[in-house]
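Just below is one structure, and these are the notes that go with it.
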Amino acid sequence: MAPPRLPPELIRDMAEEILMHIPLDKPADLVRASAVCKAWLRIVSDPAFLRRYRAFRRSAPLLGFLYQVDFDPSPRFISTAEASPLPQSAPVSGASSVLDSRHGRVLFTKRGSSNFLVWDPIADGCLELQAPELWHTFYSAVVLCTVAGRDHRDCRNGPFLVVYVGKDDLGNSICAYVYSSETHAWGTPVSAHLEDDVYFSGTDRAALVGDAIYWKVVLGDRILKYDLIKHCFSMIDGTNIYYEGGQILMQNEDGALGLAGVSNSRLHLWSRMVNPEGVTGWVQQRVIKLKKILPKNKAYIRANVIGFAEGVRVLFMSTDVGTFTFELNSGRVRKVSGPGKYCPIFPFISFCTPEIQMTPLGLSLQEEHWSVPSLNFFFRRQLPRGSKGLPPRS
């Protein structure tokens, strides 16, 4: 006696559950799955499934990082995922220095101009912003989603802000401009007079923690804070500890401002907290021996911490044998590039699920949603010859 057949609805639910667990950093696996059978193709090509697939995750995946090469005006990209949406070199025509990468967007300076370029790599759209009226010798800029309190899993299509902070050679005054994509204009500048000179380092990326942006100050162990809600500046003390392997600002798991530094082959993780007496200060949370987490068969002389990917809690560390990512939650370590100078780096985090449709000729990748030529090439290689793109079986 033949066993009873499962209801079609249950079969679809089971297939969706399987497909839902395909890793976000392997979007090409969705294309593989769509070629298994027509039933799976219908699931993967359903926009409602792709929305659930993204909502199933706590955050968008880390796809790679951008960096600048000495004496090379074009920024470059190194992928940490399959079928990356960014080309390795010259991702945007006319782009010069990378200033920031956050919430699915990348901020550049424009070559031969003082203007900015805001690029959405997934949609391959670029917007040029005219620079603020008052330009400064030392400056930094940050791009971020304008909606506070979001998980930023899929906010690249929404409104955004560009925060520009600058300072001249003379005087101790500092100024901030905020550009809004909703008003298409820079807001009224906010200025402040600081007690000491403040200089930004080109090797330090700003940290976004809650409703504030933080920069390390070059001279002295201090941190500059800009409050996005109150629109004001303030200075806070650093950890007052020297790290020969560098240090970066970051957001801790509890949402507080954190700091990571390397000294004596150990990774030190700090958090800025309020003690029972109401005094705010730095508290060391963890000390990790790098010799225990980096590959033992890869001898290295020195390790440097060079970046942090917000949302996925991944640290970047460079050594003389290559650059590694260290996932703070899982402890997973991966080598993502060979030896080289990759500081500063700008992690790129975004969803990159392809829109797949069935056409009379078979499967089709919608270019307006997925601008990855390598994935199209990969997909053509996966199908049997002479199939004209049709799934191998029903």
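The residues of the chain are indexed from 1 along the displayed sequence.
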How far does [atom1] of [X] sit from [atom2] of [Y], to the nearest 0.5 angstrom?
X      : Y      : atom1 : atom2 : answer
Tyr226 : Ser140 : OH    : OG    : 13.0 Å
Leu63  : Ile349 : CG    : CD1   : 8.5 Å
Phe326 : Arg332 : CZ    : CZ    : 12.5 Å
Phe108 : Trp119 : CZ    : CH2   : 5.5 Å
Ser263 : Leu290 : OG    : CG    : 10.5 Å
Asn304 : Gln247 : CG    : CD    : 12.0 Å

Determine, for Arg102 against Glu310, whether the closest basic-nitrogen to carboxylate-oxygen distance falls under 4.0 angstrom.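 Salt bridge flag = yes for Glu310 with Arg102.
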Any ion pair linking Arg205 and Asp100 (charged N to carboxylate O, less than 4.0 Å)?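 Salt bridge present between Asp100 and Arg205.
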Less than 4.5 Å apart, side chain to side chain, heavy atoms only: is that true for [X] and [Y]?
X      : Y      : answer
Val106 : Val98  : yes
Pro344 : Tyr67  : no
Met235 : Val217 : yes
Ser191 : Ser173 : no
Val162 : Val118 : yes
Leu267 : Leu315 : yes
Leu269 : Leu259 : no
Met250 : Leu328 : yes

Under the salt bridge (charged side-chain N to carboxylate O under 4.0 Å, His left out) test, which residues partner Glu16, sequence neighbours left out?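 Result, salt bridge (charged side-chain N to carboxylate O under 4.0 Å, His left out) vs Glu16: Arg12, Arg52.
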Quick one: sort the Tyr164 and Phe116 rings into parallel, tilted or perpendicular, breaks at 30° and 60°.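 Because their plane-to-plane angle lies in the 30° to 60° range, the rings of Tyr164 and Phe116 count as tilted.
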Using 30° and 60° as the class boundaries, would you call the ring planes of Tyr179 and Phe160 parallel, tilted or perpendicular?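 If you compare the ring of Tyr179 with that of Phe160, the planes turn out tilted.
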Given His103, which partner from the list Thr146, Leu161, Leu208 fulfils the side-chain contact (heavy atoms from CB on, under 4.5 Å) test?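 In the set Thr146, Leu161, Leu208, the residue that makes a side-chain contact (heavy atoms from CB on, under 4.5 Å) with His103 is Leu208.
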Run the side-chain contact (heavy atoms from CB on, under 4.5 Å) test on Tyr139 and Leu99 for me, step by step, so that the C-alpha distance in whole Å, both residues' side-chain angles and the decisive distance to 0.1 Å come before the verdict. CA-CA 10 Å; Tyr139 72 93; Leu99 295 176; 4.3 Å; yes
Of all the heavy-atom pairs spanning [X] and [Y], show the shortest one and how long it is.
X      : Y      : result
Ala260 : Val305 : O-CG1, 3.8 Å
Val321 : Lys335 : O-NZ, 3.0 Å
Ser318 : Thr323 : CB-OG1, 4.0 Å
Leu62  : Ala309 : CD1-CB, 4.1 Å
Phe233 : Ala176 : CZ-CB, 3.5 Å
Arg313 : Gln251 : NH1-O, 3.5 Å

Side-chain donor/acceptor of [X] to backbone N/O of [Y], under 3.5 Å:
X      : Y      : answer
Thr325 : Val314 : no
Lys216 : Ala206 : no
Ser96  : Arg111 : no
Asn252 : Gly255 : no

Phe65 and Phe346: aromatic ring centres closer than 6.0 Å?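 Centroid separation for Phe65 and Phe346: 6.0 Å or greater.
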Tell me, please, which residues at least two apart from Phe308 pass ring pair (Phe, Tyr, Trp, His ring centres under 6.0 Å).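 With neighbours one apart ignored, the set is empty.
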Determine the sole option in Glu128, Lys110, Gln130 for which the side-chain hydrogen bond (donor to acceptor under 3.5 Å, both in side chains) test with Asn115 is passed.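 Exactly one pass, corresponding to Glu128.
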So if I apply the side-chain hydrogen bond (donor to acceptor under 3.5 Å, both in side chains) rule between His268 and each of Arg286, Gln285, Gln284, which one comes out positive?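 Output: one option passes, namely Gln284.
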Single-linkage hydrophobic cluster Val287~Ile248, side-chain heavy atoms < 4.5 angstrom: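 The answer is no; the residues belong to distinct hydrophobic clusters.
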Given side-chain contact (heavy atoms from CB on, under 4.5 Å), test Val142 with Trp215 step by step and report yes or no. CA-CA 11 Å; Val142 176; Trp215 291 269; 4.2 Å; yes
List the residues meeting side chain to side chain contact (heavy atoms under 4.5 Å, CB included) with [X], not counting sequence neighbours, and say none if there are none.
X      : answer
Val274 : Thr280
Ala212 : Tyr214, Lys225
Thr188 : none

Given the rule in the side-chain contact (heavy atoms from CB on, under 4.5 Å) test, do Ile78 and Ile345 qualify, once you have shown the distances and angles that lead to the verdict? CA-CA 10 Å; Ile78 289 183; Ile345 69 163; over 6 Å; no
Run Ile293 and Ile288 through side-chain contact (heavy atoms from CB on, under 4.5 Å) and show every step you take. CA-CA 8 Å; Ile293 65 173; Ile288 303 170; 3.9 Å; yes
Could you tell me if Ser271 and Trp282 have a donor-acceptor pair between their side chains, going purely by distance under 3.5 Å?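 Not at all, the side chains of Trp282 and Ser271 share no donor-acceptor pair under 3.5 Å.
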Transitive ILVMFWY cluster of Val283 at side-chain heavy atoms under 4.5 Å: who else is in it?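 In the cluster with Val283 are Met273.
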